[in-house]
There are 2 protein chains.
Amino acid sequence: WFVACDSEPDSTHYPNVILTGEAVKAIRAEQAHLPLLKQSIDGLQKNVELEMMNGIEVPIPKDPAGGYTHLRHKQNYMNMYGAGVLWQVTGEARFANYVRDMLLAYAELYPTLEVHPVKASYAPGRLFWQQLNEAVWLVYVSQAYDCIAGILTAEQKELIENELLVPYADFLSVENPKVFNRVHNHGVWAAAAVGMTGFAIDNEELVNRAFNGVETGPKEEVGAGFLVQLTQLFSPDGYYTEGPYYQRYAMLPYLLFAQAIDNNRPEMKIFEYRDNILQKAALTTLQLTNTNGQFFPINDALKSMSYMSTSLVHAVDFVYGLDESQKELLSIARQQGEVIICEAGLKVARAIANGEARLFKWESKEFRDGPEGKQGAFGVLRSNSGKNSQTVTMKYASQGMGHGHFDRLTISFYDQGKEILQDYGAARYVNVEYKHGGRYLPENKTWARQTIAHNTLVVDKDSQSEGNVKTASSHHSEPWVFDASKEDVKVMSAKENKAYEGVNMHRTIALLNLPEVSEDAIILDLYRVESEAQHKYHLPYYYKGQMMHTNVDYKAETTALQAMGKNDGYQHLWQTAEGLMTEGTNRFVWLNEDRFYTLTTEAQTNDKLLLTRIGAGDPEFSLRNEPAVIFERDKTASTLFASAIEAHGNKHPVTELVSGLKGHVAEIKTLINNSEYTLVQLAFANESKVVFAICNNSNDQSASHQLMANGQEYNWTGVCQLFK
Amino acid sequence: WFVACDSEPDSTHYPNVILTGEAVKAIRAEQAHLPLLKQSIDGLQKNVELEMMNGIEVPIPKDPAGGYTHLRHKQNYMNMYGAGVLWQVTGEARFANYVRDMLLAYAELYPTLEVHPVKASYAPGRLFWQQLNEAVWLVYVSQAYDCIAGILTAEQKELIENELLVPYADFLSVENPKVFNRVHNHGVWAAAAVGMTGFAIDNEELVNRAFNGVETGPKEEVGAGFLVQLTQLFSPDGYYTEGPYYQRYAMLPYLLFAQAIDNNRPEMKIFEYRDNILQKAALTTLQLTNTNGQFFPINDALKSMSYMSTSLVHAVDFVYGLDESQKELLSIARQQGEVIICEAGLKVARAIANGEARLFKWESKEFRDGPEGKQGAFGVLRSNSGKNSQTVTMKYASQGMGHGHFDRLTISFYDQGKEILQDYGAARYVNVEYKHGGRYLPENKTWARQTIAHNTLVVDKDSQSEGNVKTASSHHSEPWVFDASKEDVKVMSAKENKAYEGVNMHRTIALLNLPEVSEDAIILDLYRVESEAQHKYHLPYYYKGQMMHTNVDYKAETTALQAMGKNDGYQHLWQTAEGLMTEGTNRFVWLNEDRFYTLTTEAQTNDKLLLTRIGAGDPEFSLRNEPAVIFERDKTASTLFASAIEAHGNKHPVTELVSGLKGHVAEIKTLINNSEYTLVQLAFANESKVVFAICNNSNDQSASHQLMANGQEYNWTGVCQLFK
Ligand SMILES: [Ca+2]
Ligand SMILES: [Ca+2]
Ligand SMILES: [Ca+2]
Ligand SMILES: [Mg+2]
Ligand SMILES: [Mg+2]
Ligand SMILES: [Mg+2]
Ligand SMILES: [Mg+2]
């Protein structure tokens with residue numbers, strides 16, 4: 001197979017899929033002066049050279065995910081992609097030869113392969129146990145081929161295209177139309193793989209197949225192919241129903257194929273499709289992060305995943321490449337420390353070198369769910385747009401398919417990027433063989449998905465929708481009001497009437513910026529319930545940190561602990577203390593690293609405070625043993641849980657000085673709560689007071705309201721109002 | 001009191017205590033070009049200006065620690081010190097006037113004061129509830145007076161010296177000779193305060209009092225005064241018996257007074273006293289840190305305390321000021337981000353600006369305890385001198401006075417600066433009023449000090465020395481061998497024969513650097529026990545992180561937990577699982593953030609593995625709920641616990657890729673264990689083997705040993721040997 005080749009790449013064979021001829025010329029000319037680009041190229045080169053030292057190995061497929069042949073074929077596509085790009089950028093023939101020789105080896109192997117011997121997927125591949133990996137391989141290899149095609153003889157080209165690339169693309173499409181036509185991220189990867197290969201080998205039919213899907217007889221109702229996928233999977237706000245952890249992954253094939261389309265069929269204006277849906281999705285993914293860049297861990301999500309991931313490097317670069325006015329993206333790119341080696345990455349590196357980066361601004365925003373934006377939403381309120389802000393999220397979306405949690409109206413609270421009231425995330429140690437081979441753990445279902453694992457109301461110790469995905473998927477929460485336009489009070493409010501039969505729930509979060517009271521935001525949390533029957537209510541707050549204080553006279557379990565139940569997640573909680581709350585204002589204080597947090601709650605007679613710790617029913621010690629405070633109200637029909645949450649003070653790790661030990665909220669008091677209105681008063685330590693009012697039976701922004709409470713008259717227009 | 005004053009300070013009245021005239025001139029000339037110095041001055045100025053805006057307030061003393069008048073007088077001395085220095089450095093009269101006016105206010109108040117109304121200390125002060133604070137006030141105020149004396153009229157000088165400074169110094173010395181003569185850090189603060197005041201007001205008698213103590217009739221046996229204190233409190237290696245957390249605090253008055261002596265009586269060569277003891281103590285404090293700069297938390301210690309503390313800023317600057325060849329100190333100073341505004345700080349800032357900083361090197365070293373270095377030691381082994389090394393510490397010292405823990409032969413393990421096998425530290429939230437006013441918690445005594453709270457052997461569920469401080473203080477452990485001279489094996493070994501009656505214990509840690517096996521160090525941990533009677537042994541390892549795997553067939557408690565005992569710390573442990581170990585090699589694997597750790601242990605028939613979690617018997621939820629694995633061997637007399645500890649692999653938070661999931665130690669096997677020798681073999685996954693041998697009855701480094709084990713002959717000279 002060895003063919004001597006020292007020439008510069010033939011200029012008529014510049015690549016055209018993601019990397020382009022123009023970009024290659026500019027990258028070669030400018031890289032020395034663009035540190036981020038240079039660093040990205042050098043990093044790639046270091047990795048590829050290390051791998052090239054091992055020679056070429058194309059083993060017969062045998063192993064499942066994580067096994068040797070699986071990892072080898074995965075590494076091979078990364079190596080081919082990297083070497084292809086490096087051939088273009090450096091002009092060093094050893095890179096091109098390496099790709100060529102490996103492609104020829106694959107062209108010899110591929111025609112001999114049957115279906116993969118590990119039969120564990122609904123859609124098995126040939127090189128890999130599942131077609132998802134199979135498609136990813138081609139997404140990278142089509143780019144590698146595109147880069148080195150110029151050095152191939154006519155015979156080599158024919159061999160690689162006819163024995164490898166075309167049959168490989170056929171396998172992913174015409175031979176497996178069900179996966180290919182699926183409106184699902186597996187389908188998107190397949191479409192991208194086939195379409196990008198079409199561009200790489202100039203095969204119009206493959207490109208069209210990617211656009212339109214494969215005919216399977218009588219046309220499916222939603223249609224198939226990339227354009228349909230673009231319509232179905234994101235909401236009009238660019239929100240992906242499974243949540244940001246999966247959105248990150250699903251974005252990559254969309255972005256790559258779209259960039260390839262834009263390079264080759266610019267007249268399609270693919271990035272403008274559906275009101276710039278891909279750009280919106282990319283920006284939404286960036287916004288769905290705490291201010292350390294980690295994605296909000298709703299549904300099945302691992303908490304360490306962040307916008308540092310490869311997929312978001314593509315997102316940042318491609319979006320900036322389209323719209324160079326978005327200078328805020330540059331500060332993220334700088335943090336990412338790398339760019340994609342293509343025209344978009346070049347633009348990013350240029351602008352950063354030119355000092356154009358601006359701080360990224362995190363927004364308060366409601367992200368609607370559902371293809372038409374009508375299946376609830378995920379709300380995010382932030383005290384300001386900077387890294388040190390306080391952030392509250394509320395989930396009032398649809399179920400989020402099979403990875404969804406039974407967590408309607410759950411909230412999370414972040415202070416300065418740190419989780420303070422947490423969502424547990426998924427119970428899984430990805431890729432850690434010790435823990436069920438790195439798959440989702442049994443506790444993901446028995447614990448992480450259950451309602452009690454979340455900061456939301458549990459009725460009668462049952463999970464929402466009886467823990468049934470199908471039931472839960474048939475309905476969604478209803479946004480009531482979202483208004484982040486005012487400086488002193490930002491509000492999100494939503495209702496959930498179907499999670500528990502006969503119980504209507506309505507939660508409102510008001511983020512108060514009151515500099516005269518506190519330099520940090522004060523969060524008002526109103527959880528209203530309407531029910532004709534009496535129930536036992538549990539409202540948990542999974543605080544992170546060490547409990548410091550409560551005024552509740554509790555009794556701790558000091559010699560024995562019991563699990564709190566047998567099902568619906570309660571079997572995973574140890575009850576560590578119980579106390580009868582005082583009617584009126586109750587306080588719970590904790591310390592997280594160097595700051596204090598106070599949860600101030602209004603209790604009724606016989607309300608209980610329960611303290612718990614995760615870890616019961618965990619025979620393999622897979623759960624994190626973290627605490628919660630649960631407010632219990634028993635034998636109650638309609639009611640309101642009114643609480644305030646605040647960050648305050650500081651404990652210096654080295655000077656050991658403590659300031660602001662006490663929170664600012666002195667009293668919380670419900671003035672009115674009925675089916676028409678809820679009015680709650682907060683009194684502060686500085687003796688000032690505010691009253692927050694919301695209308696419960698109309699969310700007409702132009703309606704006027706007038707009522708008496710506590711001897712005072714309250715007048716306002718719109719759904720809610722802060723009276724100071 | 002107002003006296004116009006705009007002049008530059010009188011050049012005949014430059015200060016001489018810590019800041020000196022020469023230094024002032026140089027600081028003024030050079031500060032613009034020395035970023036670290038400039039930043040330190042600007043930081044000080046910002047703080048002082050903020051405080052000056054509040055005017056001068058000198059309240060009548062009333063409150064205990066943490067109360068208003070306490071904090072006010074504390075802040076006042078900081079403000080006077082800062083303003084005094086700023087007057088010298090900036091020449092702006094407002095700073096000098098502020099100090100003068102405050103001093104005059106104190107001179108009016110002080111003569112009216114009786115003993116402080118809060119009667120809670122063995123040695124009450126006047127401004128403060130205890131003389132310790134009283135002395136600290138004068139350490140700072142003597143410097144402030146020294147700085148601004150040049151602007152005072154003769155009458156003002158007389159007033160301040162006669163009504164305030166001299167009587168204040170008298171109160172701390174002749175009026176309270178017991179505290180003043182005490183060989184204890186309270187005594188050192190008092191001596192420094194009185195001596196520095198002597199230099200500031202040119203009063204020889206005060207200086208001599210500080211040097212010699214106060215005559216109290218028949219001379220005490222150890223003598224009194226600063227020179228005696230320098231002899232008694234540090235070991236010849238500069239180790240302070242209470243441990244590094246308290247050493248950091250005790251260092252400051254020593255260093256300040258020594259610097260004042262060096263400035264005013266250079267002929268005393270105070271820094272050379274006792275073979276450079278102060279320099280040794282400073283460097284020892286820096287070395288007693290993990291590679292994040294946090295002090296090893298032995299005895300009562302808060303874990304966040306680090307070499308970023310003010311005391312260590314002084315230590316780094318003063319030692320560098322004495323010996324400008326110590327360029328490694330400069331990298332610490334750079335991390336500290338500030339210098340003391342004096343000649344030493346100037347030298348540091350100059351050298352850093354000049355690019356002279358070298359990386360600090362952490363050493364493997366044995367720090368002897370006791371005034372003559374004969375009361376045991378604290379050993380530290382590190383795989384290398386860099387930030388990413390593995391570090392093991394072992395405590396085989398004396399009790400460490402009232403703050404000591406019953407933790408002889410305990411070890412801790414750090415990887416890349418992170419605690420992996422932890423010492424619990426103290427049970428205390430300093431300055432957090434919610435938690436017993438910020439004092440030591442009851443659980444400090446019932447839990448943190450007990451033997452079971454440590455990574456050392458517990459015999460019959462009893463604490464060492466029956467948890468009696470007096471008994472424990474009457475003896476200490478015996479160093480056996482410490483040898484960090486070899487690249488492939490570094491060893492520390494010590495015996496403890498008095499902690500348990502009739503039980504002789506001998507622990508050896510060998511840190512193996514075997515690049516052919518692992519890029520990380522492998523720790524061999526041999527805990528040998530000799531006893532004629534049978535006992536129940538517990539050997540706990542307080543691992544930090546999440547358990548991943550064990551080959552032991554254990555049964556977890558999933559529905560109820562019980563406390564493990566009623567006393568000696570066991571009342572604070574929940575038992576979460578129990579399993580019978582396999583005879584031979586057993587493995588326990590955990591994950592801490594992004595790395596894996598494996599503890600491989602050799603078990604005998606009927607050995608048990610217990611899993612526990614801290615948190616029982618904790619009615620106020622003050623303890624951290626952290627796990628341990630405990631090896632239990634019951635009904636056994638003499639025996640050996642042989643284990644290996646290793647860090648391995650990586651779990652990437654964003655790519656989610658996992659490497660090096662499995663440790664390198666395949667088998668651990670005792671070849672010989674008797675009163676003469678212990679030989680243990682490690683077999684590795686790569687099929688290589690090593691044997692570690694130690695002589696148990698002689699630590700003569702020149703003795704030769706020869707013996708047969710497992711059919712092989714082992715010959716060596718010295719106490720121990722690694723056979724590869
Ligand atoms: Ca149920
Ligand atoms: Ca006992
Ligand atoms: Ca005892
Ligand atoms: Mg969840
Ligand atoms: Mg309902
Ligand atoms: Mg301890
Ligand atoms: Mg003994």
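Side chains included, hydrogens not; waters and symmetry mates left out as well; all remaining heavy atoms used. To find a chain, count down the sequence lines: A is the first, B the second, and so on, and within it residues start at 1.
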When rounded to the nearest 0.5 angstrom, what is the spacing between [atom1] in [X] and [atom2] in [Y]?
X      : Y      : atom1 : atom2 : value
B/E620 : A/Y554 : CD    : OH    : 6.0 Å
A/T576 : B/W574 : OG1   : CH2   : 8.5 Å
B/S622 : A/M547 : OG    : CE    : 8.5 Å

Report summary line: Among B/D618, B/T655, B/V432, B/L657, the residue with the most heavy-atom pairs under 4.5 Å to chain A is B/V432
Requested in this report: Sort out for me which of B/T310, B/L611, B/V589 touches chain A most, counting heavy-atom pairs under 4.5 Å.
Outcome: B/V589
Hey, is the main chain of [Y] close enough, under 3.5 Å, to the side chain of [X] for a donor-acceptor pair?
X      : Y      : answer
A/E433 : B/L661 : no
A/N431 : B/E656 : yes
B/Q546 : A/F621 : yes

Report task. Below 4.5 Å from any heavy atom of chain A, which atoms of B/T550 appear? Answer side chain, backbone, both or neither. Result -> neither
Report task. If the plane angle is over 60° it's perpendicular, under 30° parallel, otherwise tilted; pick one for A/H549 and B/Y434. Result -> parallel
**Report entry** Which residues share a ring-ring contact (aromatic ring centres under 6.0 Å, His included) with A/Y541, sequence neighbours left out
**Finding:** A/F631
Report summary line: B/H403 meets the ring-ring contact (aromatic ring centres under 6.0 Å, His included) criterion, sequence neighbours left out, with B/Y246, B/Y440
Report task. Pick one of side chain, backbone, both or neither for A/K566, based on which atoms fall under 4.5 Å of a heavy atom in chain B. Result -> neither
